[in-house]
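Following: one structure in structure tokens, then a few remarks.
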Amino acid sequence: QVQLVESGGGLAQPGGSLRLTCEVSGLTLDDYAIGWFRQAPGKKREGVSCISGSDGSTYYRDSVKGRFTISRDNAKNTVYLQMNSLKPEDTAVYYCAADKLSFLTVVQDFCVVPITDYWGQGTQVTVSS
């Protein structure tokens, strides 16, 4: 019933930009936090950025601060990740996920410890010359 579908991945040059989209169905975004996570081959999954569907509060991991921006459109049940100044180390499969806000104290909790069953299938981001 609950589905999350990522799109917007692809190939970008270092210094370039991509915008990822997460379309959510089967839940009301106002009651959930939505997060972007990424995983490169042989590495652990890491939280990139998360946003509250209620008050719009956000969290970014240090390595993407100033380069990435998360936003949401509650009317469309959609969350975006604008990625600028891309670096090769941003290469990974990017996933979006959802967790009920009532389970969280702050949105950072979700990005650091994403305990949820609601995950998308992922979209590949490759940053290379």
Side-chain angles (χ1 to χ4, degrees):
Q1 182 62 38
V2 175
Q3 288 191 322
L4 299 91
V5 180
E6 305 95 335
S7 62
L11 177 65
Q13 294 184 336
S17 298
L18 289 170
R19 188 181 74 163
L20 305 184
T21 298
C22 176
E23 297 180 74
V24 183
S25 61
L27 57 81
T28 301
L29 200 58
D30 307 68
D31 297 326
Y32 285 80
I34 305 296
W36 286 99
F37 302 81
R38 65 188 182 187
Q39 188 166 27
K43 295 187 176 181
K44 296 180 179 178
R45 180 186 62 199
E46 61 184 21
V48 178
S49 182
C50 292
I51 188 167
S52 168
S54 178
D55 64 8
S57 59
T58 59
Y59 166 83
Y60 300 89
R61 70 179 300 109
D62 287 345
S63 62
V64 308
K65 287 180 179 177
R67 301 190 298 121
F68 291 9
T69 303
I70 192 169
S71 61
R72 91 289 206 232
D73 186 336
N74 285 26
K76 296 181 178 180
N77 261 35
T78 300
V79 175
Y80 306 94
L81 184 67
Q82 179 67 45
M83 305 187 296
N84 298 327
S85 302
L86 284 164
K87 302 176 179 180
E89 50 262 47
D90 296 318
T91 296
V93 177
Y94 283 69
Y95 301 89
C96 63
D99 196 20
K100 199 168 179 64
L101 284 168
S102 61
F103 298 160
L104 307 171
T105 301
V106 293
V107 73
Q108 179 180 355
D109 295 347
F110 184 42
C111 262
V112 175
V113 186
I115 304 174
T116 184
D117 292 331
Y118 302 146
W119 292 89
Q121 295 299 303
T123 185
Q124 175 71 233
V125 171
T126 302
V127 184
S128 176
S129 299

CD of Gln121: more than 12 outside heavy atoms within 6.0 angstrom? no
Nearest-0.5 Å distance, CG of residue Leu29 to CG of residue Asn74: 4.5 Å
List the atom of Val125, the atom of Met83, and the distance in Å for their closest heavy-atom pair. CG2-CE, 3.9 Å
Please report the shortest heavy-atom distance between Ser85 and Ser17, naming the atom on each side. N-OG, 4.4 Å
Would the distance check show the side chain of Asp99 and the main-chain N or O of Pro114 forming a donor-acceptor pair, the cut-off being under 3.5 Å? no
Hydrophobic cluster identity match, Val79 and Leu4, side-chain contacts under 4.5 Å: yes
Nearest-0.5 Å distance, CD1 of residue Ile51 to SG of residue Cys96: 13.0 Å
Smallest heavy-atom separation, Val2 atom then Gly26 atom, equals CG2-O, 3.6 Å
Going by chain and number, the hydrophobic cluster around Phe103 (ILVMFWY, side chain to side chain under 4.5 Å) further includes none
Have Asp30 and Thr28 got a donor and an acceptor in their side chains that come within less than 3.5 Å? no
Is there a path from Tyr95 to Tyr80 through hydrophobic residues (I, L, V, M, F, W, Y) whose side chains come within less than 4.5 Å of each other? no
Looking at every non-hydrogen atom in both residues, tell me the closest pair between Ser49 and Leu81 and how far apart they are. CB-CD1, 4.1 Å
Interatomic distance, Leu18 atom CG to Phe68 atom CZ [nearest 0.5 angstrom]: 9.0 Å
Please step through side chain to side chain contact (heavy atoms under 4.5 Å, CB included) for the pair Ile34 and Arg72, ending with a clear verdict. CA-CA 9 Å; Ile34 305 296; Arg72 91 289 206 232; over 6 Å; no
Tell me whether the count of non-hydrogen atoms from other residues, nucleotides or ligands lying under 6.0 Å of CD in Gln13 goes above 12. no
Decide if the gap between the ring center of Phe37 and the ring center of Trp119 is smaller than 6.0 angstrom. yes
When rounded to the nearest 0.5 Å, the distance separating CG of Asp90 from OG of Ser63 is 7.0 Å
Which heavy atom in Arg61 sits nearest to a heavy atom in Gly47, and how many Å separate them? NH1-O, 2.9 Å
Looking at Asp117, I want to see if its CG is surrounded by more than 12 non-hydrogen atoms of other residues, nucleotides or ligands under 6.0 Å. no
Residues at least two apart in sequence or cross-chain that pass side chain to side chain contact (heavy atoms under 4.5 Å, CB included) with Thr123, listed by chain then number, are Glu6, Leu20, Tyr94
Please determine whether residues Ile70 and Val24 belong to a single hydrophobic cluster, defined as Ile, Leu, Val, Met, Phe, Trp and Tyr linked transitively by side-chain heavy-atom distances below 4.5 Å. yes
Presence of salt bridge, Lys65 and Asp62, under 4.0 angstrom: yes
Taking the side chain as everything from C-beta on, heavy atoms only, tell me whether Thr58 gets closer than 4.5 Å to Val107. no
d(Tyr59 OH, Cys50 SG) to nearest 0.5 Å is 8.0 Å
So how far is it from Leu104 CG to Ser57 OG, rounded to the nearest 0.5 Å? 9.5 Å
Smallest heavy-atom separation, Thr91 atom then Val127 atom, equals OG1-N, 2.9 Å
Just to verify, what does Ser7 make a side chain to side chain contact (heavy atoms under 4.5 Å, CB included) with, not counting sequence neighbours? Thr21
